[in-house]
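Working notes for the structure below.
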Amino acid sequence: MKAPARQELALLILTTSTTATSLLTLVPAIICARNVELDNAIQVYHDDLPSPELVAQEIIRWKLRHDNLPPNKRPSTVAAAIKECDSLYFLNIRVLLKIACTLLVTSCECERSASPQLVRLASGPTPTEGRVELYYNGSPYDQKG
């Protein structure tokens, strides 16, 4: 990849992640503690919103709804905010929170280690290799029974 293309890609990733991260400010524990600036996110996700022209009003009502609650009673995660978000009154907010849930996957790891396979390659095949064993509730499953 050429240097200008790599720089463009890096800028695109940075811009997208900044926009996606800004959606976290809709979480009531955050929105009540600071000012919310979602103009860029609203512009980016305009086509996904049912009524983008009403987002500013919904944000004001969403904040007012949670300002009266004690800080420890306000939802502090996106998942908790979605559960509390009434889609009749906060349809755009709900859509933005769903987008925030799906976009903020930042990393993943391999759940299985490759070391058992490497050991098997080094030591040769095991006596049961090539035979499939079925288990049901942790016990061997007898197909004949």
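Cluster membership check: I42 shares its hydrophobic cluster with Y45, using side-chain heavy-atom separations under 4.5 Å among Ile, Leu, Val, Met, Phe, Trp and Tyr. Residue L64 is not grouped with residue V36 when hydrophobic side chains (ILVMFWY) are merged at heavy-atom distances under 4.5 angstrom, including chains of intermediate members. The cluster map of Ile, Leu, Val, Met, Phe, Trp and Tyr, joined by side-chain heavy atoms under 4.5 Å apart, puts L88 and W62 in the same cluster. Residues Y89 and V27 are members of one and the same hydrophobic cluster, defined by side-chain heavy-atom contacts under 4.5 angstrom among Ile, Leu, Val, Met, Phe, Trp and Tyr.
When side chains are defined from C-beta on, D48 counts as touching I99, because their heavy atoms get closer than 4.5 Å. At least one side-chain heavy atom of R65 sits less than 4.5 Å from a side-chain heavy atom of D86.
Nearest heavy atom pair, residue I31 against residue T25, reads CB-O, 3.1 Å. When all heavy atoms are compared, the tightest approach of C85 to L97 is CB-CD1, 4.3 Å. Closest of all the heavy-atom pairs between E84 and P75 is OE1-CG, 3.3 Å. The shortest non-hydrogen separation linking C101 to A79 is SG-N, 4.4 Å. Heavy atoms only, all atoms of each residue included: S22 and L38 are closest at O-CD2, 3.2 Å. Contact record, C32 with K63: SG-O, 4.0 Å, taken as the closest heavy-atom pair.
Residue-environment remark: CG (N35) stays at or below the threshold of 12 foreign heavy atoms within 6.0 Å. By the neighbour-count criterion of 12 heavy atoms within 6.0 Å, atom CD of E53 is densely surrounded, having more than that number from other residues, nucleotides or ligands.
Here the straight-line distance linking atom CD of E58 with atom CG of N92 works out to 4.0 Å at 0.5 Å rounding. Annotation: the span from I59 atom CD1 to Q57 atom CD amounts to 10.5 Å, rounded to 0.5 Å. In this structure, CG on L26 lies 11.0 Å from NE2 on H66, to the nearest 0.5 angstrom.
Under the 3.5 Å distance criterion, the side-chain polar atoms of T77 are matched with a main-chain donor or acceptor of A80.
Relative to the six-membered ring of F90, R61 meets both conditions, a distance below 6.0 Å and an angle of at most 45° to the axis.
Applying the side chain to side chain donor-acceptor pair (under 3.5 Å) test to N40 and every residue at least two apart in sequence or in another chain returns T19.
Exactly one of T102, L24, L96, L23 qualifies for a side-chain contact (heavy atoms from CB on, under 4.5 Å) with V78. That residue is L24.
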